[in-house]
Structures are given as C-alpha cells and as structure tokens.
**Student:** 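What follows is a structure written as structure tokens; I'll ask about it next.
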Number of protein chains: 2
Amino acid sequence: MGDTEPDLRAVLPRLMQLGNVLNRSGLVERAMEQAGAGLDRPAVTVLVMLRMTEKPLRVGEIAARMQVAGPHVTRHTHELERRGLVRRLPDTDDKRARLVELTSAGAEIADRYLGTVLGWLSEAMNGWSAGDRQTFYRLLQRFTEDLAARLSTIDTEA
Amino acid sequence: MGDTEPDLRAVLPRLMQLGNVLNRSGLVERAMEQAGAGLDRPAVTVLVMLRMTEKPLRVGEIAARMQVAGPHVTRHTHELERRGLVRRLPDTDDKRARLVELTSAGAEIADRYLGTVLGWLSEAMNGWSAGDRQTFYRLLQRFTEDLAARLSTIDTEA
DNA sequence: TATTGTTATACTCTATAACTATA
DNA sequence: TATAGTTATAGAGTATAACAATA
C-alpha cells in the first residue's frame, strides 16, 4: 500500500463535499418543487429510475438498483400509485411478482424533474470547454466504477 | 439553457451512483470498523473534520461545515466526549461558546480511519496514470464548486 | 435584543422480522 | 423448501421549537 499521495488526501474533502451536495443540499427537493409534485426523495428516485429504464420493473429489481431493502420500495410504490404516477401490473411469467409501470402522468413529472436537474447541471458547467466536459464524464465514470469495484472486495478480505 | 446534451444526460446516473457509493455503501462504517472504534457516521465526520482542520472548532462552526443544525452536533460531540475522543474547552473570547478539541486518542482514531479510506481510494485508482489523476482531481474540484455555486443561487430566483 | 449552545421532541429514510402467496 | 412481495416495527440521522447563558 505505502504512502497515500498528498494529492489524494486533498481530494477527500472534495468527495465529501460532492456527496453532501448530491444528498443533503436540497437539490432533489427543490427540483421536485419545480416539477410540481410534492414527492419525497425515495419516491422521486423510483420515478426517475422507471423513466430512464423505459420499461416496467419488478419491485425486487427496483430495490436492487436502489440498493435498499424490499419493504422500502413497497411503501413508496404504494404512495406513487395513490397519486396515479405508477401502475402495478401482474407479472404473467411469475404470479408472485408485480411489475411497476409509469403512468403518463408519472412520466411527465419525471421528465420535468429531469429537465430541471439537467438544466442546473448544464448551467453549472456553462464555462466548461467541450474537451473538459468529455474528460470529466469519462474520468468520473471510471472513478465510480473503480471505487465500487474496490469496495466490493473489502468484505471478502477479512 | 437550451437542450441538455445527451452526454450530460448519460452522466446523471454516474453522479447518482457515486452519491450512493459515498453515502450508502457502508464505506464509512467499514473503515471505522478497521479503525477500531464503534462510532457512527456523524461522529466520524466530526472527528475527521477536527483532524483535517488541525485546530479546535466551535460547535456552531462544526455545524456550519457539516451543513447540519446545531443540536445534531451537540449530541454527537457529547458522545465523542464520553469516549474520550474530544475535549470541550471554554472559549475565552466568548463565554457563550465552547471549543471542541481532539484528544490524542481521538487524533489516533481519526488517523487510522483516514489511512484506511485513503488506502482504498489509492488502490481503486491503482491503474490510473499520473496525468489522469491530476486531471480528475482538478475537474472534480471545479465541478463540485460550480455545482454548489449554481445551486446556491436557486433560492434567490423564485 | 441577538447569538451560542443545549434539551426535548418529531420527522424522514431505511433495515429487520414475521407473514402470505406462489414457485 | 425457496422466492416475491407485503405488513409491522424499530433504528439512525437530522430538523424545529423552546430555553439558558452570555453578548
């Protein structure tokens, strides 16, 4: 392992700050407000996931992608259904399972939400050159993947 | 504003994934385990902040940097004090305030924690060239700053 | 009168356990 | 017997309100 370079040490506060901005800055809540539906964070996450996936998902699949336990998804899916933003269909292949599908109202809200967030991101990067953008997107993806891969091996080390 | 480029749209899931890895992957908990103290997340945050700042901080200052409300800091500072990891000193300049200072035991735990996390980061980026590292650090910092700046102006837009 | 920090309380997000229906 | 989802319950993290001491 050896020493950790000073640069890496300097980047740690940045990562923590970014984590804060992403999770605790009210970004989601404010974008949701602009989108005009008073949904809470987990419900928004479900809605956006369904929109970006572009197909109905099973409850367990949603839970796995969100990395949360099943009951969490059940509750918020019910909330979304009460508001008419998703539909729950029987899975013809497996009668134990339920497919969760966006309604057109749900898709509309997801689109407004995504538009707002992407607009903010776009404006934040207004002064960026095309090259810097490309580079950042590429390195961000690589970093996220490498970090997730490293963390996934920790438990098997003992 | 205009259209959001497809690239930006593609990067959104990456950001969400990174937020998940940073906040919900158990990274903090597992590093804390390795560091040998059974502290919870907010307590670790306080400890690390004091260590990286390298000087005693007032309760209000800690709360501001963590972007949390005051009582949250009070509670976790008390927990840290019970364990002998911080000391609470009177602020001679302002008798209303308290300074929170690391003990040597607290500094030791913070160092072990930081060493573990930085080690994981370093290993995750094992295959990275020096140039890519530098570029990533620079762009990450810029992105975080630009995004925080953009979000800070949202409320004043109405 | 405003500010620092504390105490008490409540809300959001998420996990675990126990259960039902199907496989 | 194992799996998909649900219901009920509990815990962690954080906010708000009310208050004390000092400015």
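In what follows, every chain begins at residue 1, and chains take the letters A, B, ... in the order their sequences are listed.
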**Student:** Could you state the CG-C1' distance from B:Leu57 to C:dT4, rounded to the nearest angstrom?
**Tutor:**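 So the two atoms are 15 Å apart, to the nearest Å.
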**Student:** C:dT12 P sits how many Å from A:Glu79 CD, rounded?
**Tutor:**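 Those two atoms, CD and P, are 10 Å apart.
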**Student:** Find the distance B:Leu39:CG to D:dG13:P and express it as a whole number of Å.
**Tutor:** 11 Å
**Student:** So, is A:His78 near the phosphate of D:dT7, with a side-chain N or O under 4.0 Å from OP1 or OP2?
**Tutor:** yes
**Student:** From the set C:dG5, C:dA21, C:dC13, return the single nucleotide nearest to any side-chain atom of A:Arg96.
**Tutor:** C:dA21
**Student:** Nearest-nucleotide wise, let me know which of A:Lys95 and A:Pro42 is further upstream toward the 5' end of DNA chain C.
**Tutor:** A:Pro42
**Student:** Would you say a side-chain N or O of A:Arg24 is under 4.0 Å from OP1 or OP2 of D:dA15?
**Tutor:** yes
**Student:** Between B:Asp93 and B:Gly70, just flag the one whose closest nucleotide in DNA chain D comes earlier from the 5' side.
**Tutor:** B:Gly70
**Student:** Given D:dA21, D:dA15, D:dG5, identify the nucleotide with an atom nearest to the side chain of A:Thr74.
**Tutor:**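 The nucleotide sitting nearest to the side chain is D:dG5.
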**Student:** Check the distance between C:dT14's P and B:Glu29's CD and give it to me in whole angstrom.
**Tutor:** 13 Å
**Student:** Between B:Arg133 and A:Asp7, is the salt bridge (charged side-chain N to carboxylate O under 4.0 Å, His left out) condition met? List the steps.
**Tutor:** CA-CA 9 Å; B:Arg133 282 171 206 244; A:Asp7 285 339; over 6 Å; no
**Student:** Is A:Arg24 reaching over with its side chain to a backbone N or O of B:Gln67, donor-acceptor style, under 3.5 angstrom?
**Tutor:** yes
**Student:** Within the 4.0 Å heavy-atom criterion, would you say B:Asp91 contacts the bases, only the backbone, or no part of the nucleic acid?
**Tutor:**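 No contact.
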**Student:** Apply salt bridge (charged side-chain N to carboxylate O under 4.0 Å, His left out) to A:Glu61 and A:Arg65, showing your working.
**Tutor:** CA-CA 6 Å; A:Glu61 173 83 27; A:Arg65 294 192 191 208; 2.9 Å; yes
**Student:** Using atom CG of A:Asn23 as one end and atom C1' of D:dA15 as the other, report the distance to the nearest whole Å.
**Tutor:** 17 Å
**Student:** Nearest whole angstrom, please: distance from the P of D:dG5 to the CD1 of A:Ile62.
**Tutor:**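 Taking CD1 of A:Ile62 and P of D:dG5, I get 9 Å after rounding.
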**Student:** Determine whether a donor-acceptor pair (N or O, by modelled atom type, separation under 3.5 Å) exists between the side chain of B:Arg51 and the backbone of B:Ile109.
**Tutor:** no
**Student:** Both B:Gly60 and A:Met66 contact DNA chain C. Which one's nearest nucleotide lies toward the 5' end?
**Tutor:** B:Gly60
**Student:** Using a strict cut-off of less than 4.0 Å between a Lys/Arg side-chain nitrogen and an Asp/Glu carboxylate oxygen, indicate whether A:Glu79 and A:Arg83 qualify as a salt bridge.
**Tutor:** yes
**Student:** Among the nucleotides D:dA15, D:dT3, D:dG5, which one has an atom lying closest to any side-chain atom of B:Ala69?
**Tutor:** D:dA15
**Student:** Hey, can you tell me if A:Phe136 and B:Phe136 have their rings parallel, tilted or perpendicular (30° and 60° cut-offs)?
**Tutor:**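 The arrangement is parallel - the two ring planes meet at less than 30°.
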**Student:** Can you check whether any acceptor in the base of C:dT14 is under 3.5 Å from a donor in the side chain of A:Arg75, or vice versa?
**Tutor:** yes
**Student:** With respect to the side chain of B:Arg58, which nucleotide from D:dA23, C:dT4, D:dG13 is positioned closest?
**Tutor:** C:dT4
**Student:** Measuring from the side chain of B:Pro71 (C-beta onward, heavy atoms only), which nucleotide among D:dT14, C:dA21, D:dA17 has the closest atom?
**Tutor:**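 For the B:Pro71 side chain, the nearest candidate turns out to be D:dA17.
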**Student:** What is the distance from NE2 of A:His72 to C1' of D:dG5, rounded to the nearest Å?
**Tutor:** 15 Å
**Student:** So B:Asp94, base contact, sugar-phosphate only, or nothing? Heavy-atom distance under 4.0 Å.
**Tutor:** sugar-phosphate
**Student:** Can you tell me the distance, in whole Å, between the CG atom of A:Leu89 and the P atom of D:dG5?
**Tutor:**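 In whole Å, D:dG5 P lies 13 Å from A:Leu89 CG.
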